[in-house]
Protein chains: 2
Amino acid sequence: MNQVFNELDLAALLSLSFSTLINELHDRLSKLGYGDIKPAHGFMFKRIIPNGATGMELAEHLGITKQAVSKMVDYLEKSGYVIRQTHPTDKRGKIIVLTEQGWLVVKAKEEILTEIEQRWIEIIGAERMQMLKEVLTKLVYVANEGTLSSRLRPVW
Amino acid sequence: MNQVFNELDLAALLSLSFSTLINELHDRLSKLGYGDIKPAHGFMFKRIIPNGATGMELAEHLGITKQAVSKMVDYLEKSGYVIRQTHPTDKRGKIIVLTEQGWLVVKAKEEILTEIEQRWIEIIGAERMQMLKEVLTKLVYVANEGTLSSRLRPVW
DNA sequence: TTTTGTAGTCAATCAAGTTGACTATATTGC
DNA sequence: GCAATATAGTCAACTTGATTGACTACAAAA
């Protein structure tokens, strides 16, 4: 533990552990040829799975405007990861769904995250990893009670 | 634990716990009249303390370019939180130091973070908080061995 | 069936970063 | 000791990912 790390407070620890994880994830996605997938897209994919989602749903999920979502979808559609389908019952709306290529990215992402988590387990032990997740889940849950979804935007 | 939270993976947990912390911090700083302090500034202040820092040092610490640092310093200097002083030995350089008002923000920030951490301790217990910090410190340390400072940019 | 609300897009703007070019000063090498 | 090279900081132009505002097409409520 050198000097840089001794004075890290809780905010810095959470931020740095998150960046560490997400940097490795996207370095490795890049090497697999998914360099056009940016950190911001991961959480969007999660909401699209498994049955698609409307732009408004994605906007709420991500905590950004529908216009910003529309631009992200433009980008991902152009790159071939998602497509806009006409909404079955609402002619105003569209549903954004994953293409086959989109599913490949999601699968690659899951595998890499599992691998990183496995490596982290070797560092701290399985029980501590289990506890880490439980503790963070509880904190996120309790600390946001009442203020849900609007403030809960994962920025990465 | 409602449905939103059941499927959060490690990346989401780290991201959301960090956002939760940082959102409350800046909401409260805002209410104290420090609405012009943005999340990005916190980590910069930490490097300026206690004896000031040059632009290059801040750039390396934050993982952004010196030009970006220069702009941030413009902003913070205009708002009265820091000043540029001539460097004692290098006439090319300047040292950025906190003003009295800058110290007030730092103090307020520390107090609020301590309070939030205290509240979190009431939720999960002191031992678990202790362990949370130990585990995250170890992960950040081990997972970044060799790749230091360049990749370690806390984005908030 | 008229009025009001909602989903999505287009356009202009903003904020925070980038790259490139420049000035002034330091450092190095012959 | 001086010429060549490197470094700290700033200015300007551009990029990216968001925002707000205006609009169209359709849906839901009065």
Side-chain angles (χ1 to χ4, degrees), chain A residues 15 19 22-23 26 35-45 47-48 52-79 81-97 150-151 153-156, chain B residues 15 19 22-23 26 30 35-45 47-48 52-79 81-97 150-156:
Chain A
S15 173
S19 317
I22 222 68
N23 284 339
H26 284 276
D36 46 2
I37 294 295
K38 301 290 163 57
H41 303 136
F43 213 73
M44 186 175 215
F45 285 167
R47 185 65 183 74
I48 294 177
T54 68
M56 288 306 292
E57 286 166 349
L58 292 175
E60 174 150 352
H61 180 66
L62 296 172
I64 61 180
T65 60
K66 57 185 181 171
Q67 293 94 324
V69 167
S70 193
K71 282 195 204 171
M72 277 179 63
V73 172
D74 284 348
Y75 176 86
L76 291 171
E77 193 169 34
K78 208 174 290 180
S79 312
Y81 296 109
V82 305
I83 49 168
R84 289 169 162 102
Q85 293 183 341
T86 61
H87 195 285
T89 66
D90 186 338
K91 283 189 179 169
R92 292 169 307 179
K94 301 179 182 172
I95 336 181
I96 293 110
V97 298
S150 65
R151 305 304 312 278
R153 102 151 95 175
V155 188
W156 78 68
Chain B
S15 174
S19 316
I22 222 68
N23 285 339
H26 284 276
S30 215
D36 45 3
I37 294 294
K38 303 288 164 58
H41 303 136
F43 212 72
M44 186 176 216
F45 284 167
R47 184 64 183 74
I48 294 177
T54 68
M56 288 307 292
E57 286 166 349
L58 292 176
E60 174 149 354
H61 179 67
L62 296 172
I64 61 180
T65 60
K66 57 185 181 171
Q67 293 93 324
V69 168
S70 194
K71 281 194 205 174
M72 275 181 64
V73 173
D74 284 348
Y75 176 85
L76 291 170
E77 192 169 34
K78 208 175 289 180
S79 312
Y81 295 109
V82 306
I83 49 170
R84 290 169 163 102
Q85 292 183 342
T86 61
H87 195 286
T89 66
D90 186 340
K91 283 189 180 170
R92 292 169 307 178
K94 301 179 182 172
I95 335 180
I96 293 110
V97 298
S150 65
R151 304 304 312 277
L152 275 193
R153 99 152 98 172
V155 188
W156 81 66

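Order of the sequence lines fixes the chain letters, A, B, ..., with proteins taken first and strands second; residue numbering starts at 1 for each chain. What's counted below: heavy atoms across the whole structure, side chains too, no hydrogens, waters or symmetry copies.
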If you measure from OG on A:Ser15 to CD1 on B:Ile22, what distance do you get to the nearest 0.5 Å?
7.5 Å
Please work out which residues in residues 85-96 of chain B have a non-hydrogen atom less than 4.0 Å from an atom of DNA chain D and list them by number.
B:Arg92, B:Gly93, B:Lys94
Please check this pair: side chain of B:Glu60 against backbone of B:Glu57, looking for a donor-acceptor N/O pair closer than 3.5 Å.
no
A:Gln85 side, atom CD; A:Ile95 side, atom CD1 - distance, nearest 0.5 Å:
6.0 Å
If I take atom CG in residue A:Leu76 and atom P in nucleotide D:dT16, what distance separates them, rounded to the nearest angstrom?
15 Å
Take the protein atom NZ of B:Lys66 and the nucleotide atom C1' of D:dT7, then report the distance between them rounded to whole Å.
7 Å
When rounded to whole Å, the CZ to C1' distance for the pair A:Arg84 and D:dA25 reads 16 Å
Contact nearer the 5' end of DNA chain C, comparing B:Thr65 with A:Glu57:
A:Glu57
If you restrict it to nitrogen or oxygen atoms, what contacts under 3.5 Å exist between nucleotides 13-16 of chain C and the protein, and what is each distance?
none

Report the distance from atom CE of A:Met56 to atom C1' of C:dG5, rounded to the nearest whole Å.
12 Å
Smallest separation among heavy atoms of A:Ile48 and A:Val82, with atom names
CD1-CG1, 4.2 Å
Please examine the side chains of A:Lys91 and A:Thr86, heavy atoms only from C-beta on, and report whether any two atoms are closer than 4.5 Å.
no
Indicate yes or no for a side-chain donor-acceptor contact from A:His41 to the backbone of A:Lys38 under 3.5 Å, with no hydrogens or angles considered.
yes
d(A:Thr54 OG1, A:His61 NE2) to nearest 0.5 Å is 12.0 Å
One would report the end-axis bend of the helix from C:dT1-D:dA30 to C:dC30-D:dG1, five pairs per end and rounded to 10 degrees, as 20°
Using salt bridge (Lys or Arg N to Asp or Glu O under 4.0 Å) as the criterion, list what pairs up with B:Arg47, not counting sequence neighbours.
none
Does B:Ser70 make a side-chain N or O approach to OP1 or OP2 of D:dT10 shorter than 4.0 Å?
yes
Atom-pair distance (CD1 on A:Ile64; P on D:dG17), nearest Å
11 Å
To the closest 0.5 Å, what do you measure between CE (B:Met44) and CG (B:Leu76)?
6.0 Å
With side chains defined as the heavy atoms from C-beta onward, is the minimum distance between B:Ile96 and B:Lys94 less than 4.5 Å?
no
5′-ward residue of the pair B:Gln67/A:Met72 relative to DNA chain D
B:Gln67
Could you go through residues 66-75 of chain A and list every donor-acceptor pair under 3.5 Å that involves a side-chain atom there, pairing it with any protein atom two or more places apart or in another chain?
residue, atom, partner, partner atom, Å
A:Asp74, OD1, A:Arg84, NH1, 3.1
A:Asp74, OD1, A:Arg84, NH2, 3.0
A:Tyr75, OH, A:Asp36, O, 2.7

